[in-house]
Amino acid sequence: MKKQLLSALILVAAATTTQAQVVHDSVILDAGYAKQVWYSLQNDEQGSAQKNEWDIAFDVVEITSSIRINSAAGVMLWNYPKGDKSAWSTVDTNGLSTWDPRYNSDTSWAQGAMGRYADPNNPFDIDWGIYDMTTHIIHGDSVYIIKLVNGNYKKLFIDNLTGGTFNFKFANLDGSSEVSAQVSKSTFTDKNLGYYSIVNQNTLNREPDNFKWDLEFTQYTGFVPIPYTVTGVLHNRGVSVAEVGNLPNKNTYSNWQSHTRSTEINTIGYDWKSQSMGVYSVKDSLLYFVKDVEDHIWRLIFTDFSSTNGMFVFDKEVIGSLSVKDNISGNKNTVALYPNPSKGGDVQLVYSTPDNVTITVTDMAGRTVFAQQVNGSTGLHTFTLPANSFNSGMYIVAVNTAGGCAQQKLIVQ
């Protein structure tokens, strides 16, 4: 059994060079940056939606639990500082102007304004609630005040996440017009986020399937260093990007293998352009190498930007491909962990790649609890994870190489 397990989990990284032609393309957000646009480097625009039609969005990917706000459309969020969930009926917003607002992370989809501020000393705290390792239910413990896209204020409470369904309620500040609602992950199969409009009291299926797009052209809150609405490009889960500057000829440079790609979703971001007297210019000698959701490598160069209609102009060219595949089945695979679940002892991580790797373990709140670099060598590798030092709960174990990342869920009981 062990021999079969190890044989079936060989991780292979391969890179090839492809000849292609430069494609000139553009994406338009319309006046006032009214739209969000999801874009595939391989297949062009995959969908768009009005920016201001939603208030909150729930992370619907597997075990994730974060909740984002539509800050680019004016949504603001405050954690109620005068009490926990027991204060729901006595909410008092005096002093609101002095409270610290909550913001989405601009580097990770998995850290929304509700989910980003977990207690680092409590592994079961996921910010808006507490994870129960016995029932695997997250029970809400925080009351929020939210300013909606229409400017109205509500109080908001996420009651729980159970069986893949977020249960929550909202009401006017005085408690009137209380509404209970649900967002189920199963409604948003193959999506990153499930959107909800508190203003209109309805769910919204806005995104293309997550395997169909690479880049999102949009407004979002960046930190420069204070929170500020910026217009730029975020990338999808599974996509990674390397920014390369100071090139004598960016249009012919293709040595993507020499640059480390980042999974931070704002690696492209907004700062490839600059403004002077209301006129935008694009930075010279700058390009991006993008690994798309299909593991192709693209050279992406922005050539113009117009604030009048929110138009991004760029050149794209596929210059290579890279894959991380199961050598037996031919399918993309994860690493092997055993025993899993772990009952408090160490866990063996099995992988095979000749490259240097970085092994990381992150908890449900996105915090890194373990990280170590390991020199590469040919053959099968077994690495001992000190799971006996991890608190009970779910974790993501990742084997990161220059050519890609393989992941596996780990449960520690």
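- Annotation for Gln373: atom CD does not count as buried by contact number, only 12 or fewer foreign heavy atoms lying within 6.0 Å.
- Put simply, the side chain of Asp209 never gets that close to the backbone of Phe211: no donor and acceptor are under 3.5 Å apart.
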**Request:** Kindly determine whether Asp44 and Lys316 satisfy salt bridge (Lys or Arg N to Asp or Glu O under 4.0 Å), including the steps that lead there.
**Result:** CA-CA 11 Å; Asp44 306 328; Lys316 62 179 182 178; 2.6 Å; yes

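- Nearest approach of His296 to Gln42, heavy atoms of both residues: CD2-OE1, 3.5 Å.
- Annotation: side chain of Asn192 is in contact with side chain of Trp213 (closest heavy-atom distance under 4.5 Å).
- The shortest side-chain heavy-atom distance between Tyr153 and Trp78 falls under the 4.5 Å cut-off.
- For the atom pair CD1 of Ile137 and CD1 of Ile130, the computed distance is 14.0 Å after rounding to the nearest 0.5 Å.
- A donor-acceptor pair is defined here as one N or O able to donate and one able to accept, closer than 3.5 Å; such a pair exists between the side chain of Lys185 and the backbone of Thr64.
- Looking at Asp292, its side chain does come within 3.5 Å of a backbone N or O of Asp295 through a donor-acceptor pair.
- A donor atom on one side chain and an acceptor atom on the other are not found under 3.5 Å apart for Tyr39 and Glu45.
- Annotation: ring-ring contact (aromatic ring centres under 6.0 Å, His included) contacts involving residues 180-200, sequence neighbours excluded, comprise Trp54-Tyr195, Phe168-Tyr196.
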**Request:** Would you please test Lys291 and Trp256 for side-chain contact (heavy atoms from CB on, under 4.5 Å) and show each step?
**Result:** CA-CA 10 Å; Lys291 184 197 78 68; Trp256 59 269; over 6 Å; no

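- Here the CG-CD1 distance, from Asn251 to Ile301, works out to 4.5 Å after rounding to the nearest 0.5 Å.
- With Asn400 contributing its side chain and Thr358 its backbone, the two residues share a donor-acceptor pair below 3.5 Å.
- The distance between the ring centers of Phe217 and Phe314 falls below 6.0 angstrom.
- Among residues at least two apart or in separate chains, there is no salt bridge (charged side-chain N to carboxylate O under 4.0 Å, His left out) pair with a member in residues 147-167.
- When every heavy atom of Ile28 is checked against every heavy atom of Asn309, the shortest pair comes out as CG2-O, 3.1 Å.
- Tyr117 places none of its side-chain heavy atoms less than 4.5 Å from the side chain of Asn79.
- In this structure, Asp55 contributes its side chain and Val149 its backbone to a donor-acceptor pair below 3.5 Å.
- Remark: Asn255 CG is packed, more than 12 non-hydrogen atoms of other residues, nucleotides or ligands lying under 6.0 Å away.
- Sorted by first and then second residue, the pairs that involve residues 122-136 and meet salt bridge (charged side-chain N to carboxylate O under 4.0 Å, His left out), not counting sequence neighbours, are Arg102-Asp127.
- Here the side chain of Trp128 pairs a donor or acceptor atom with the backbone of Ser65 at under 3.5 angstrom.
- When every heavy atom of Val293 is checked against every heavy atom of Asp214, the shortest pair comes out as N-OD1, 2.9 Å.
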**Prompt:** Do Thr384 and Gln348 pass the side-chain contact (heavy atoms from CB on, under 4.5 Å) test, and can you show the C-alpha distance, the side-chain angles, and the key distance before you say yes or no?
**Reply:** CA-CA 5 Å; Thr384 301; Gln348 302 304 310; 3.2 Å; yes

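- To the nearest 0.5 Å, the span separating CG on Asn160 from CG on Asn167 amounts to 4.5 Å.
- Residues passing the side-chain contact (heavy atoms from CB on, under 4.5 Å) test with His136, sequence neighbours excluded: Tyr131, Met394.
- In this structure, the side chains of Asp106 and Thr221 stay at 4.5 Å or more apart for every pair of heavy atoms.
- Put simply, the side chain of Arg261 reaches to within 4.5 Å of the side chain of Ile297, judged on heavy atoms.
- In this pair, Trp99 and Tyr80 present their aromatic rings perpendicular. The plane angle is above 60°, beyond the 30 to 60° band.
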**Message:** What verdict does the side-chain contact (heavy atoms from CB on, under 4.5 Å) test give for Thr303 and His24, after you've listed the backbone C-alpha separation in whole Å, the side-chain angles of each residue and the deciding distance to 0.1 Å?
**Reply:** CA-CA 9 Å; Thr303 59; His24 307 282; over 6 Å; no

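- With contacts defined as side-chain heavy-atom distances shorter than 4.5 Å, the pair Phe289/Leu287 qualifies.
- Interatomic distance, CD1 of Ile126 versus CG of Asp119, reported as 12.0 Å (0.5 Å rounding).
- Looking only at side-chain heavy atoms (C-beta outward), Val313 and Ser26 come within less than 4.5 Å of each other.
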**Request:** Evaluate the side-chain contact (heavy atoms from CB on, under 4.5 Å) criterion for residues Val27 and Lys35: first the C-alpha distance (whole Å), next the side-chain angles of each, then the deciding distance (0.1 Å), finally the verdict.
**Result:** CA-CA 10 Å; Val27 167; Lys35 296 193 302 186; over 6 Å; no

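- Residues Pro339 and Val347 come closest through the heavy atom pair O-CG2, 3.7 Å.
- Here the side chain of Lys191 pairs a donor or acceptor atom with the backbone of Glu207 at under 3.5 angstrom.
- In this structure, Val224 and Tyr270 have side chains that are in contact, with non-hydrogen atoms separated by less than 4.5 Å.
- Side-chain atoms of Asn104 come within 3.5 Å of backbone atoms of Ala113 as a donor-acceptor pair (strictly under, hydrogens ignored).
- At most 12 non-hydrogen atoms from other residues, nucleotides or ligands lie less than 6.0 angstrom from NZ of Lys343.
- Residues Ser71 and Thr229 approach most closely at O-OG1, 4.5 Å, considering heavy atoms.
- Under a 3.5 Å cut-off, the side chain of Ser66 and the backbone N or O of Gly112 do form a donor-acceptor pair.
- Taking the six-membered ring for Trp and thresholds of 30 and 60 degrees, Phe312 and Trp272 have ring planes inclined between 30 and 60 degrees apart.
- Remark: side-chain polar atoms of Asn236 are paired, donor with acceptor, to backbone N or O of Asn210 under 3.5 angstrom.
- Close placement of the His259 and Tyr253 rings is indicated, their centers lying within 6.0 Å of each other.
- In this structure, Thr165 OG1 and Phe58 CZ are separated by 11.0 Å, a value rounded to the nearest 0.5 Å.
- Put simply, CG on Leu286 and CD on Glu243 are 5.0 Å apart, with the number rounded to the nearest 0.5 Å.
- The side-chain contact (heavy atoms from CB on, under 4.5 Å) search around Ser276 returns none, not counting sequence neighbours.
- Sparse packing is recorded around NZ of Lys85, with 12 or fewer heavy atoms of other residues, nucleotides or ligands lying under 6.0 Å away.
- Every pair passing salt bridge (charged side-chain N to carboxylate O under 4.0 Å, His left out) that includes a residue from residues 220-239 is listed here, sequence neighbours excluded: Asp59-Arg237.
- Nearest approach of Glu264 to His235, heavy atoms of both residues: O-CE1, 2.8 Å.
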